[in-house]
Amino acid sequence: KNNTQKLDAKIFPVPASNTLNLNWNLTMVSNVQIIISDDNRNVVFSTTISSKVGKNQYQVDVSKFEAGIYLVRIVSESANYNQKITIVRN
(Lines give C-alpha, C1' and ligand atoms only; values in the text may rest on other atoms or scores of the structure.)
Protein backbone atom coordinates (compact mmCIF):
# COMPACT_ATOMS: atom_id res chain seq x y z
CA LYS A 1 0.00 0.00 0.00
CA ASN A 2 3.02 2.31 0.02
CA ASN A 3 3.05 2.74 -3.76
CA THR A 4 -0.41 4.28 -3.87
CA GLN A 5 -1.24 5.97 -7.14
CA LYS A 6 -3.67 8.75 -7.86
CA LEU A 7 -7.04 7.37 -8.87
CA ASP A 8 -8.58 8.64 -12.11
CA ALA A 9 -11.71 10.23 -10.65
CA LYS A 10 -14.10 13.16 -10.98
CA ILE A 11 -16.45 14.65 -8.38
CA PHE A 12 -19.19 17.08 -9.39
CA PRO A 13 -21.00 19.42 -9.12
CA VAL A 14 -18.90 21.71 -6.98
CA PRO A 15 -20.39 23.43 -5.13
CA ALA A 16 -23.16 20.91 -4.45
CA SER A 17 -26.41 21.18 -2.56
CA ASN A 18 -28.45 18.00 -3.14
CA THR A 19 -26.54 15.29 -4.98
CA LEU A 20 -22.82 14.69 -5.35
CA ASN A 21 -21.72 12.55 -8.32
CA LEU A 22 -18.54 10.50 -8.04
CA ASN A 23 -17.04 8.89 -11.13
CA TRP A 24 -13.87 6.82 -11.20
CA ASN A 25 -12.00 4.46 -13.51
CA LEU A 26 -10.29 1.27 -12.43
CA THR A 27 -7.77 -0.92 -14.21
CA MET A 28 -8.63 -3.88 -11.97
CA VAL A 29 -11.56 -5.08 -9.87
CA SER A 30 -11.36 -3.53 -6.41
CA ASN A 31 -13.38 -2.65 -3.36
CA VAL A 32 -13.59 1.12 -3.23
CA GLN A 33 -14.21 3.08 -0.07
CA ILE A 34 -15.89 6.49 -0.23
CA ILE A 35 -15.30 8.65 2.82
CA ILE A 36 -16.59 12.20 3.31
CA SER A 37 -15.37 14.17 6.30
CA ASP A 38 -16.11 17.69 7.48
CA ASP A 39 -13.69 20.48 8.39
CA ASN A 40 -13.20 18.95 11.85
CA ARG A 41 -12.29 15.60 10.29
CA ASN A 42 -15.52 13.99 11.47
CA VAL A 43 -16.64 11.32 9.01
CA VAL A 44 -20.14 12.27 7.86
CA PHE A 45 -20.49 9.57 5.19
CA SER A 46 -18.73 6.29 4.51
CA THR A 47 -19.45 3.29 2.30
CA THR A 48 -17.62 0.50 0.50
CA ILE A 49 -18.51 -0.42 -3.06
CA SER A 50 -17.38 -3.42 -5.03
CA SER A 51 -16.15 -1.80 -8.25
CA LYS A 52 -15.54 -3.15 -11.72
CA VAL A 53 -12.86 -2.54 -14.31
CA GLY A 54 -13.53 0.63 -16.27
CA LYS A 55 -16.04 3.34 -15.38
CA ASN A 56 -17.78 3.33 -12.01
CA GLN A 57 -20.18 5.86 -10.56
CA TYR A 58 -21.91 6.55 -7.29
CA GLN A 59 -24.24 9.30 -6.05
CA VAL A 60 -24.22 10.67 -2.52
CA ASP A 61 -27.28 12.46 -1.16
CA VAL A 62 -25.80 15.56 0.49
CA SER A 63 -29.12 17.37 1.02
CA LYS A 64 -28.88 16.88 4.80
CA PHE A 65 -25.25 18.02 5.05
CA GLU A 66 -24.60 21.38 6.68
CA ALA A 67 -23.18 24.10 4.45
CA GLY A 68 -19.40 24.08 4.51
CA ILE A 69 -16.24 22.50 3.19
CA TYR A 70 -15.81 18.72 3.10
CA LEU A 71 -13.06 16.35 2.04
CA VAL A 72 -14.15 13.52 -0.24
CA ARG A 73 -11.83 10.51 -0.44
CA ILE A 74 -12.19 7.67 -2.93
CA VAL A 75 -9.86 4.85 -1.91
CA SER A 76 -9.26 1.69 -3.92
CA GLU A 77 -6.81 -1.11 -3.18
CA SER A 78 -4.14 0.45 -5.40
CA ALA A 79 -4.98 4.14 -5.74
CA ASN A 80 -6.85 7.00 -4.11
CA TYR A 81 -8.30 10.40 -4.89
CA ASN A 82 -8.93 13.33 -2.54
CA GLN A 83 -10.93 16.44 -3.33
CA LYS A 84 -12.30 19.26 -1.21
CA ILE A 85 -15.88 20.18 -2.03
CA THR A 86 -18.26 22.86 -0.86
CA ILE A 87 -21.86 22.27 0.17
CA VAL A 88 -24.06 25.34 -0.23
CA ARG A 89 -27.50 26.10 1.12
CA ASN A 90 -29.77 28.65 -0.56
Side-chain angles (χ1 to χ4, degrees):
K1 288 217 167 181
N2 292 341
N3 56 353
T4 306
Q5 306 191 1
K6 184 172 179 187
L7 187 66
D8 174 18
K10 187 176 168 191
I11 298 172
F12 62 95
V14 180
S17 48
N18 295 313
T19 304
L20 195 62
N21 299 291
L22 288 69
N23 293 358
W24 64 93
N25 287 307
L26 291 182
T27 53
M28 60 184 187
V29 172
S30 172
N31 279 333
V32 169
Q33 207 176 6
I34 295 170
I35 305 150
I36 304 178
S37 48
D38 65 15
D39 246 3
N40 300 317
R41 296 191 179 166
N42 299 313
V43 173
V44 294
F45 178 87
S46 171
T47 190
T48 302
I49 300 153
S50 139
S51 300
K52 62 188 192 308
V53 172
K55 290 184 178 172
N56 292 270
Q57 58 185 12
Y58 189 79
Q59 286 191 324
V60 181
D61 177 2
V62 295
S63 61
K64 304 280 190 292
F65 288 24
E66 307 253 334
I69 295 169
Y70 294 81
L71 177 65
V72 181
R73 289 183 290 159
I74 307 174
V75 182
S76 79
E77 286 154 36
S78 60
N80 62 30
Y81 180 85
N82 298 337
Q83 183 178 321
K84 284 203 165 164
I85 60 132
T86 307
I87 301 292
V88 291
R89 293 281 158 251
N90 296 335

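Position 1 is the first residue of the sequence; numbering continues from there.
- Atom CD in Q57 sits 8.5 Å away from atom CH2 in W24 (nearest 0.5 Å).
- With rounding to the nearest 0.5 Å, the separation of CD1 in I85 from CG in L22 is 8.5 Å.
- Taking CZ of R73 as the reference point, atom CG of N82 lies at 6.5 Å (rounded to 0.5 Å).
- Atom NZ of K10 has 12 or fewer heavy atoms from other residues, nucleotides or ligands within 6.0 Å.
- Nearest heavy-atom pair across R89 and S63 is NH2-O, 3.1 Å.
- Exactly one of T86, I69, L20 qualifies for a side-chain contact (heavy atoms from CB on, under 4.5 Å) with P15. That residue is T86.
- Remark: Y81 OH to I11 CD1 distance equals 5.5 Å, nearest 0.5 Å.
- Side-chain contact between E66 and D38 is absent, with no heavy-atom pair separated by less than 4.5 Å.
- Panel note: side chain S76, backbone S78; a donor-acceptor pair is recorded below 3.5 Å.
- Judged by distance alone, the side chain of N40 and the main-chain N or O of N42 form no donor-acceptor pair under 3.5 Å.
- A continuous path of ILVMFWY side-chain contacts below 4.5 Å connects Y70 to V14, so both sit in one hydrophobic cluster.
- In plain terms, the two heavy atoms of V44 and F65 that are nearest each other are CG2-CE2, 3.8 Å.
- Test V53, L7, D8 against L26 for side-chain contact (heavy atoms from CB on, under 4.5 Å) and you get one pass: L7.
- Rounding to the nearest 0.5 Å gives a distance of 9.0 Å between CG of D61 and CZ of F45.
- Note that OH of Y58 and CG of N21 are 12.0 Å apart. Values are rounded to the nearest 0.5 Å.
- At a threshold of 4.5 Å between side-chain heavy atoms, the hydrophobic network of Ile, Leu, Val, Met, Phe, Trp and Tyr places F12 and V72 in two separate groups.
- Considering only heavy atoms from C-beta on, N56 stays 4.5 Å or farther from I49 through its side chain.
- N31 and E77 make their closest contact through N-OE2, 2.9 Å (heavy atoms, listed as atom of the first residue, atom of the second, distance).
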